[in-house]
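Reading through the structure tokens given below for one structure.
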Amino acid sequence: MKKNSWHLVAILFLSIISCSKEEEEEGITSQKDIHEISFLQENFDLSKSKNSNISNNLKSDFVEITTLVIEDKKIYEYKIEEINKTKLESDFVKSEISYSLLVTNTKNNFKGYLLENYTFSKNMVESPLSLLNTTSFSGYSNIYDIKGEYIGQIGFYDGLATSTNKSSALDELVYFLNHKANSNPTASKIVPCNHVVTIRTETYEDIYYQWEDGAGNVIDITFGYSRYLGTTVTYQNIPYPCDSPEGDEKQIVHRGRVYTPMNINQIVVEGPNVAITDMEGYLSCFNTSQSAVITIYADQPNRGSHAIFTTANGVGHAFISIRQGVKVKTFGFYPISSAGSVLPNNLTPNPTDFFSTTGIFGNDEGHDYDISLSIPINANSLTNLINSFVSIANNNPIYNIGTNNCTDIAIMAFESQTGIDIPSCESPTSWSGQTPGTLGVVLSNMTTPNGATKNTNGGSAPYNNCN
């Protein structure tokens, strides 16, 4: 989450002036050193880092960007990059994160550093591609070793670096970054302030689905869900200019973006575990001269989000239960058998226009759910509700994942006999159709109607009982 600026650029100019042997010994060189590569190959392992972006989202082929020679010392910079680009979002941090991979060599004593770079103020210069080739960067670098363990922090102002920690662990690195710039009068300003600022960083991973056809062509990209990865809190001395008051707290949201390839022909909408072949018999235990309670349930692919699909929970489900005293029946609408998303209709250019297939109701007793809404209905409404379900079941119902799915049937039944208007549950993504994920969000956000009960804790739907 920090931007590292290599302020060794000043040394570049010293190397350009002459072609003497002395110049070869001190300055920027393109020479490679097998020992540094071997050191990285043997010791570079970020897999156990507590920073999830570092442990899961960085890659390096150890391609050397540049080398700086200072007397008997060398520092090497290697290319390292994110697999999926991330950024910081806050009122004071700007833009995307960059990373730098450095190895120092002092008399064959090697040290490796991973720098996580970002700018502090919205009017500051972006972090450079190479820290060894810039003089204008202002911002921060979180410093890790090449095992991903946090060491400390370096702050930059106009290309000059200072450690914001009292530890001496970063002295050598700061020396390299500021070499031959220390005589600059600005350098005297680069001292830690006495103001301690709390940095609270929340890390999220945004999952996007990259929909592909059978040939691997990308036909759409839709947002899936956000996953909270954790919060870290650090207390840091802010370097010059000291523009944050003592005790100030900064909030950062670190968002990573991950694209998951999805073959649109292979998404599975599962058929019911237990099909209901006789709907009239299934609902026969209810007394249609008495009132009852109807409940609509949303089992979301990702709890609390509009996600249309997750690999763990599939497409989710929406279903209904009817309760009358101790009697209860729970059921929902399905394709008659598992089908590949039900196959896309290749007769139309719209990749979300699907062929229809035969539908059937299934027994959903004990089905998990994330949110539900219940309301009493009178005897007349109960009669109409039962007749409606029996009629649908007996007339070769059609299941279409885009236009007549489990969510459509559950909402239709619930609204028709309760008078409650459930707002559109069309997915906000480019997906066309109502979804269990959006139904859950809509139920959560809507005001609970008079006489109704909302359960936002989730759980398991009631088991059938006709005693």
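Reckoned from all heavy atoms, side chains included, excluding hydrogens, waters and symmetry mates.
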Quiz item: With distance as the sole test, does N405 use its side chain to make a donor-acceptor pair with the main-chain N or O of Q434 at under 3.5 Å?
Solution: yes
Practice problem: Would you give the length of the straight line joining atom CD1 of I377 to atom CG of L382, rounded to the nearest 0.5 angstrom? | Solution: 5.0 Å
Practice problem: Would you name the heavy atoms of I151 and A169 that are closest together and state the gap between them? | Solution: CG2-CB, 4.0 Å
Quiz prompt | Aromatic Y282 / basic K329 pairing, under 6.0 angstrom, 45° off normal | solution = yes
Quiz item: Regarding T295 and S374, is there a side-chain donor-to-acceptor distance under 3.5 Å anywhere?
Solution: yes
Self-check item: CA sep, side-chain torsions, deciding dist, call: F333, Y399, ring-ring contact (aromatic ring centres under 6.0 Å, His included)
Solution: CA-CA 8 Å; F333 192 55; Y399 182 96; 5.8 Å; yes
Quiz item: Counting distance only, does the side-chain N/O of S416 pair as donor-acceptor with the main-chain N or O of A413 below 3.5 Å?
Solution: yes
Quiz item: Any chance CD of E415 has more than 12 other-residue heavy atoms, nucleotides or ligands included, within less than 6.0 Å?
Solution: yes
Per-pair distances, 0.1 Å, donor-acceptor, side chain in residues 445-453, under 3.5 Å, sequence neighbours excluded:
residue : atom : partner : partner atom : Å
N445    : ND2  : V441    : O            : 3.3

Quiz item: If you look at every heavy atom in P436 and A318, which pair is closest and at what distance?
Solution: CG-N, 4.1 Å
Quiz item: Hey, what do you get for CZ (F286) to CZ (R323), rounding to the nearest 0.5 Å?
Solution: 9.0 Å
Self-check item: Derivation of the side-chain contact (heavy atoms from CB on, under 4.5 Å) call for N273 and N363
Solution: CA-CA 7 Å; N273 291 330; N363 180 349; over 6 Å; no
Quiz item: Heavy atoms, side chains only, cut-off 4.5 Å: are I320 and D364 in contact?
Solution: no
Exercise. Examine distances only and state if a side-chain atom of N57 and a backbone atom of I54 form a donor-acceptor pair shorter than 3.5 Å.
Key: no
Quiz item: Is there side-chain contact between K454 and I371, with heavy atoms separated by less than 4.5 Å?
Solution: yes
Quiz item: For Y369, which residues count as a ring-ring contact (aromatic ring centres under 6.0 Å, His included) partner, sequence neighbours excluded?
Solution: Y297
Quiz item: What pair of heavy atoms forms the shortest contact from P423 to V442, and how long is it?
Solution: CD-CG1, 3.6 Å
Self-check item: Under 3.5 Å side-chain donor-acceptor pair for S427 and H306
Solution: no
Quiz item: Just by modelled atom types, is the G316 backbone N or O under 3.5 Å from a matching donor or acceptor in the N313 side chain?
Solution: no
Self-check item: Whether N465 side chain and V328 backbone form a donor-acceptor pair below 3.5 Å
Solution: no
Self-check item: Donor-acceptor under 3.5 Å (K147 side chain, N43 main chain)
Solution: yes
Quiz item: Do you know which two heavy atoms are closest between I80 and L114, and how far apart they sit?
Solution: CD1-CD1, 3.7 Å
Quiz prompt | Partners meeting side chain to side chain donor-acceptor pair (under 3.5 Å) with T330 (sequence neighbours left out) | solution = none
Quiz prompt | salt bridge (Lys or Arg N to Asp or Glu O under 4.0 Å) against R303, all qualifying residues, sequence neighbours excluded | solution = D370
Practice problem: Could you give me the CA-CA distance, side-chain angles and deciding distance for Y113 and Y144, then say whether ring-ring contact (aromatic ring centres under 6.0 Å, His included) is met? | Solution: CA-CA 6 Å; Y113 301 95; Y144 298 81; over 10 Å; no
Quiz item: Got a second to check how far L443's CG is from Q300's CD, nearest 0.5 Å?
Solution: 8.5 Å
Practice problem: Please confirm whether the backbone N or O of S381 pairs with a side-chain atom of N378, one donor and one acceptor, at under 3.5 Å? | Solution: yes
Quiz prompt | Side-chain (E426) to main-chain (G433) donor-acceptor, under 3.5 angstrom | solution = yes
Self-check item: ring-ring contact (aromatic ring centres under 6.0 Å, His included) partners of F414, counting only residues at least two apart
Solution: none
Exercise. Could you label the plane-to-plane angle of the F62 and F44 rings as parallel, tilted or perpendicular, counting under 30° as parallel and over 60° as perpendicular?
Key: perpendicular
Exercise. Verify the distance criterion only: is there a donor paired with an acceptor across the side chains of S391 and S388 at less than 3.5 Å?
Key: no
Quiz item: Any donor-acceptor pair under 3.5 Å linking the side chain of D145 with the backbone of G148?
Solution: yes
Practice problem: Not counting sequence neighbours, list each pair that qualifies as a disulfide bond (SG atoms under 2.5 Å apart) and has a residue in residues 278-318. | Solution: C285-C466
Exercise. Evaluate the side-chain contact (heavy atoms from CB on, under 4.5 Å) criterion for residues L439 and I422: first the C-alpha distance (whole Å), next the side-chain angles of each, then the deciding distance (0.1 Å), finally the verdict.
Key: CA-CA 9 Å; L439 171 61; I422 295 178; 4.3 Å; yes
